[in-house]
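The model shown is predicted, which means the values in this text are computed figures rather than measured ones. Numbering of ligands and ligand atoms starts at 1, following listing order.
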Amino acid sequence: MVPTPITVRVPAKVNLHLSVGDARPDGYHELVTVFQALSLTDDVTVLAADEPGIEVKGEGADSVPTGSENLAWKAVRLLAEHCGRDPENPGLRISINKGIPVAGGMAGGSADAAATLQAVNHLWRLELGRDELSELAAKIGSDVPFSLQGGTALGTGRGERLVPVLARHTFHWVIALDKEGLSTPGVYGELDRLRAENGNGRIGEVEPLLEALASGDPRQLALLLGNDLQSAAVSLRPGLRRTLRAGVQAGALAGIVSGSGPTCAFLCTDADEAVRVAAELSGAGVCRTVRVAHGPVPGAKVVSEEPANRPTPPQVHA
Ligand SMILES: C[C@@](CO)(OP(=O)(O)O)[C@H](O)COP(=O)(O)OP(=O)(O)OC[C@H]1O[C@@H](n2ccc(N)nc2=O)[C@H](O)[C@@H]1O
Ligand SMILES: Nc1ncnc2c1ncn2[C@@H]1O[C@H](COP(=O)(O)OP(=O)(O)O)[C@@H](O)[C@H]1O
């Protein structure tokens, strides 16, 4: 009997705190980061098929590779090797429906890899546990373990070592998508360059932000958002300065570049305020599209054993 296709829904992330240390001998930077999973999601469906392949639709699909460079495909190969199947011929098709901006600093590729690990684990009835999946995830990319886990988490090492963090209440965000992506290694490289030129300006310790998350007060949290990669992203994409200013002028409590950018995330007092800020920001003409989102939400999760009926994400076109 042919197994039923499995669909996994997986969230985007924003880094509420991203403190970047020096480059390590392996080329990665040591991080202290707090991830939060947001309600912008991708759906990944895997099904058994004689003809393997990947199809991608949705947000930014044209710029996503459909060959072996796709992180979802890397996940399949790794899982096949791990369980003694032929990685060159896994007998699977993958269909990705993107709602997470591509190359936007929201871990969209990592999300698809995490979803694929979860879906294939289910489809092949491998019954790999959380820890084993997380170890495989870290081999694909630093952000992939968090995409599996979701919620809010403290990440150390290169971002792959996770501890869940208590976040009381839901936080409401406005997400501003830029026209074109930024390369993650390019942004880390720009930070190294800026630091070599100007010295090491770094954001503060993470503890006050953890306390703000536990209190659930968005006003307190807004004062503590910080991202060491922001200056590098702004240096490569100076227009982001205008976007960040426009979000705050529209009434957000604070704005931040998400990870390596160029997506900007604006924290708002509540859900109604986020819709109002999104409408005003979209009228300001500083970004391609504006979305509202909330977090924390769960990590990669099976939503159906049929291709999912995807809810239309709330969005406002600039
Ligand atoms: C910046 C962050 C913040 O969460 O996310 P994005 O903005 O890309 O979503 C992450 O550190 C991105 O993680 P991820 O996208 O998984 O990166 P990886 O595939 O592991 O690494 C890609 C490249 O990024 C750089 N890199 C990544 C992680 C890290 N701790 N130090 C680094 O210097 C290295 O140049 C590495 O070769
Ligand atoms: N499934 C995927 N979805 C999106 N991008 C992918 C995927 N697989 C590989 N990529 C590549 O990864 C790059 C980074 O994309 P993404 O993970 O969305 O951004 P970021 O690293 O900024 O969070 C893209 O430019 C694309 O070439």
Side-chain angles (χ1 to χ4, degrees), residues 8 10-38 40-44 46 54-76 94-117 137-148 153-162 177-178 180-192 195 227-230 232-233 236-237 256-265 300:
V8 170
V10 62
K13 62 82 188 160
V14 62
N15 305 80
L16 309 179
H17 175 103
L18 179 52
S19 161
V20 181
D22 293 332
R24 312 191 308 201
D26 64 4
Y28 287 93
H29 293 71
E30 201 64 29
L31 304 183
V32 176
T33 187
V34 176
F35 296 103
Q36 180 156 92
L38 298 188
L40 289 185
T41 55
D42 282 1
D43 280 353
V44 177
V46 295
I54 296 195
E55 61 167 36
V56 186
K57 44 190 180 174
E59 174 70 46
D62 292 352
S63 50
V64 176
T66 52
S68 56
E69 326 83 85
N70 194 300
L71 291 186
W73 204 247
K74 290 196 177 159
V76 167
I94 302 176
S95 168
I96 301 174
N97 194 353
K98 294 211 66 83
I100 305 176
V102 176
M106 302 198 84
S110 306
D112 298 342
T116 305
L117 287 176
K139 290 186 183 162
I140 304 170
S142 312
D143 277 349
V144 184
F146 178 71
S147 300
L148 268 179
L154 177 68
T156 54
R158 58 186 166 86
E160 88 286 18
R161 280 197 261 131
L162 300 173
L177 278 58
D178 208 358
E180 249 179 87
L182 278 173
S183 140
T184 298
V187 176
Y188 274 106
E190 179 67 0
L191 180 66
D192 291 340
R195 283 178 168 175
N227 177 3
D228 276 339
L229 290 180
Q230 180 158 314
L236 294 171
R237 189 69 58 81
I256 195 170
V257 168
S258 178
S260 58
T263 306
C264 294

Any N or O of L71 closer than 3.5 Å to N or O of ligand 2: yes
For atom 1 (N) of ligand 2, find the nearest protein heavy atom and state the residue, atom name and distance (0.1 Å precision). D112 OD2, 2.8 Å
Below the 3.5 angstrom mark, is there an N/O of L182, backbone or side chain, next to an N/O of ligand 2? no
For atom 9 (O) of ligand 1, what is the closest protein heavy atom, and at what distance to 0.1 Å? K13 NZ, 3.1 Å
Is V64 in polar range of ligand 2, meaning some N or O pair under 3.5 Å apart? no
Can you find a non-hydrogen atom of T33 under 4.0 Å from ligand 1? no
To the nearest 0.5 Å, what is the distance between CD1 on I100 and CG on D43? 9.5 Å
Which residue and atom name correspond to the protein heavy atom nearest atom 15 (O) of ligand 2, and how close is it? A103 N, 3.4 Å
Counting only heavy atoms, which portion of N15 has something under 4.0 Å from ligand 1: side chain, backbone, both, or neither? side chain
Any N/O of G261 closer than 3.5 Å to an N/O of ligand 2? no
Polar side chain donor-acceptor pair, S260 to T184, under 3.5 angstrom: yes
Whether S258 side chain and C264 backbone form a donor-acceptor pair below 3.5 Å: no
Mark yes when over 12 heavy atoms from residues, nucleotides or ligands other than E55 sit less than 6.0 Å from its CD; otherwise mark no. yes
Could you check atom 31 (N) of ligand 1 against the protein and tell me its nearest heavy-atom contact, residue, atom and distance included? H29 N, 2.8 Å
Under the side chain to side chain contact (heavy atoms under 4.5 Å, CB included) test, which residues partner A37, sequence neighbours left out? P11, F146, V297
Please list all pairs passing the salt bridge (charged side-chain N to carboxylate O under 4.0 Å, His left out) test where one or both residues lie in residues 99-113, with sequence neighbours left out. K98-D112
State which residue, out of L18, T33, V20, fulfils the side chain to side chain contact (heavy atoms under 4.5 Å, CB included) condition with N227. L18
I need the atoms of ligand 1 closer than 4.0 Å to a non-hydrogen atom of A107, numbered in the order shown. 9 (O)
Nearest protein heavy atom to atom 5 (O) of ligand 1, by residue and atom, and its distance? D143 OD2, 2.9 Å
What is the nearest protein non-hydrogen atom to atom 25 (C) of ligand 1, stated with its residue, atom name and distance? Y188 CD1, 3.5 Å
What do you think, any protein heavy atom under 4.0 angstrom from atom 9 (C) of ligand 2? yes
Any heavy atom of G105 closer to ligand 2 than 4.0 angstrom? yes
Counting heavy atoms only, which part of L229 comes closer than 4.0 Å to ligand 1: side chain, backbone, both or neither? side chain
Need the ligand 1 atom indices (1-based, order shown) with element for anything under 4.0 Å from a heavy-atom of G27. 33 (O)
Contact region, E69 to ligand 2, non-hydrogen atoms below 4.0 Å, reads backbone
Closer than 4.0 angstrom: is that true for some heavy atom of G181 and an atom of ligand 2? no
When rounded to the nearest 0.5 angstrom, what is the spacing between OG1 in T116 and CG in N70? 7.5 Å
Counting distance only, does the side-chain N/O of K13 pair as donor-acceptor with the main-chain N or O of G108 below 3.5 Å? no
Quick check on F35 - does any of its heavy atoms sit under 4.0 Å from an atom of ligand 1? yes
Within the structure, is a non-hydrogen atom of G104 found at a distance of less than 4.0 Å from ligand 2? yes
Any N or O on T184 sitting closer than 3.5 Å to an N or O of ligand 1? yes
With heavy-atom distances below 4.0 Å as the criterion, list the atoms of ligand 1 near G105. 6 (P), 7 (O), 9 (O)
When you measure from atom 23 (C) of ligand 1 to every protein heavy atom, which one gives the shortest distance, and what is it? P185 CG, 4.0 Å
Nearest protein heavy-atom contact for atom 19 (O) of ligand 1: which residue, which atom, what distance? G141 CA, 4.1 Å
Do you know the tightest heavy-atom contact between L162 and G155? CD2-CA, 3.9 Å
Please could you name the atoms of ligand 1 that G259 approaches to less than 4.0 Å, counting only its heavy atoms? 7 (O)
Those atoms of ligand 1 less than 4.0 Å from some heavy atom in Y28: 20 (O), 21 (O), 26 (N), 27 (C), 28 (C), 29 (C), 31 (N), 32 (C), 33 (O), 36 (C)
Looking only at protein heavy atoms, identify the closest one to atom 20 (O) of ligand 1 and say how far it is in Å. S142 OG, 2.5 Å
